[in-house]
Amino acid sequence: MSAARLAVDPLAAAQRLLGATLICRGVEATIVEVEGYGGVPNGPWPDPAAHSYRGPTPRNTVMFGPPGHLYTYRSYGMHVCANVVCGPDGTAAAVLLRAAVIDEGKPLVQARRGDAVPEVALARGPGNLCSALGITMEDNGIDLFDPSSPVRLQLGGPLPAQAGPRVGVSQAADRPWRLWAPGIPEVSAYRRSPRAPAPGASD
DNA sequence: GGTAAGATCAGC
DNA sequence: CTGATCTTACCT
């Protein structure tokens, strides 16, 4: 069972997901940018930036479940973002999928995203990635390693990774849990949250 | 029952 | 830099 390879800490799981292949509704894509998130204050990976930090709620329960499942949430009322749950069952942790390269089904993705979108930006950014692959809130909680799932994951040879601060979060932004494959234009540009304290401030 | 903030994106 | 847009979580 490949999901066992994700029963590790968020940074290790993030490394294993870089270069993995997502297969979803007529599209195949290689993950090239990810971001790790931890859990509750007294757990192994306390993370004030994580949805799971304040304990399980109806929204985030799947983050507390077994690894290898999909955790989706709605962002700013309009976008869907997708995470792969990692860490052992019962411990909250997940890896946000931030960008991918479309390998198969490019015309379909172009149709979903609009003709004006440059090829390189089709799945750049977590909201765009879900839009490109057709991932919705209906997919929350599905098993990514079940062959009958509409969204599936194949762990590949990990890519070389570069690490940096996380995007969009106002807490613990400097924790270097964002990983990307260097030199790939599909990787999103780094933008610090306007709400985050100055770089280097206490975590 | 009310409300503020948010793991975003596109367009000035 | 700003507006769009709405769910969740936390407060009274």
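In the text below, chain A, chain B and the rest are named by the order of the sequence lines, each starting its count at 1.
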Please check: side-chain N/O of [X] versus main-chain N/O of [Y], any donor-acceptor pairing under 3.5 Å?
X        : Y        : value
A/Glu33  : A/Leu179 : no
A/Arg74  : A/Val80  : no
A/Arg124 : A/Leu129 : no

Side-chain ion pair, A/Asp139 and A/Arg25, N-O less than 4.0 Å
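A salt bridge is present here (some side-chain N lies under 4.0 Å from a carboxylate O).
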Quick one: label A/Thr57 by what it contacts on the DNA or RNA (base, sugar-phosphate, nothing), any heavy atom closer than 4.0 Å.
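Since only primed, P, OP1 and OP2 atoms lie under 4.0 Å of A/Thr57, the category is sugar-phosphate.
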For a quick check of understanding: with a heavy-atom distance under 4.0 Å over all strands, which category does A/Arg166 fall into, base, sugar-phosphate or nothing?
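A/Arg166: no heavy atom of the nucleic acid under 4.0 Å.
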Exercise: identify the closest heavy-atom pair between A/Val40 and A/Ser52:
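Result for this residue pair: CG1-O, 3.5 Å.
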If every non-hydrogen atom of A/Pro41 is compared with every non-hydrogen atom of A/Pro46, which pair is closest and at what distance?
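Taking A/Pro41 first and A/Pro46 second, the nearest heavy atoms are O-CG, 3.3 Å.
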Could you check whether A/Asp143 and A/Ser149, counting side-chain N and O atoms only, form a donor-acceptor pair closer than 3.5 Å?
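Their side chains do not contain a donor-acceptor pair, so the 3.5 Å distance test is not met.
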Any side-chain donor paired with an acceptor under 3.5 Å for A/Thr21 and A/Glu28?
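Distance-only check fails for A/Thr21 and A/Glu28.
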Contacting residues from residues 106-138 of chain A, given that a heavy atom lies under 4.0 angstrom of DNA chain B:
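Here the set is A/Arg113, A/Gly125, A/Pro126, A/Gly127, A/Asn128.
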For [X] and [N], what is the distance between atoms [atom1] and [atom2] respectively, to the nearest whole Å?
X        : N     : atom1 : atom2 : answer
A/Arg195 : C/dC1 : CZ    : P     : 13 Å
A/Tyr73  : C/dT8 : OH    : C1'   : 13 Å
A/Arg74  : C/dA4 : CZ    : C1'   : 14 Å

Toward the 5' end of DNA chain C, which comes first, A/Pro58 or A/Met78, by nearest nucleotide?
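Whichever sits nearer the 5' end wins; that is A/Met78.
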Counter-base of C/dC1, judged by Watson-Crick or G-U geometry with both distances under 3.5 Å
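Base partner found: B/dG11.
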C/dC6 pairs with which nucleotide, Watson-Crick or G-U wobble, both distances below 3.5 Å?
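By the stated definition (distances under 3.5 Å), B/dG6 pairs with C/dC6.
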Reading DNA chain B 5' to 3', which nucleotide is the first, and which the last, to come under 4.0 Å of any heavy atom in chain A?
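Nucleotide range with atoms under 4.0 Å of chain A: B/dG6 to B/dA10.
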Out of the candidates A/Phe64, A/Tyr73, A/Tyr37, only one should pair with A/His51 under the ring pair (Phe, Tyr, Trp, His ring centres under 6.0 Å) rule; please name it.
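Of A/Phe64, A/Tyr73, A/Tyr37, ring pair (Phe, Tyr, Trp, His ring centres under 6.0 Å) with A/His51 is met by A/Tyr73 alone.
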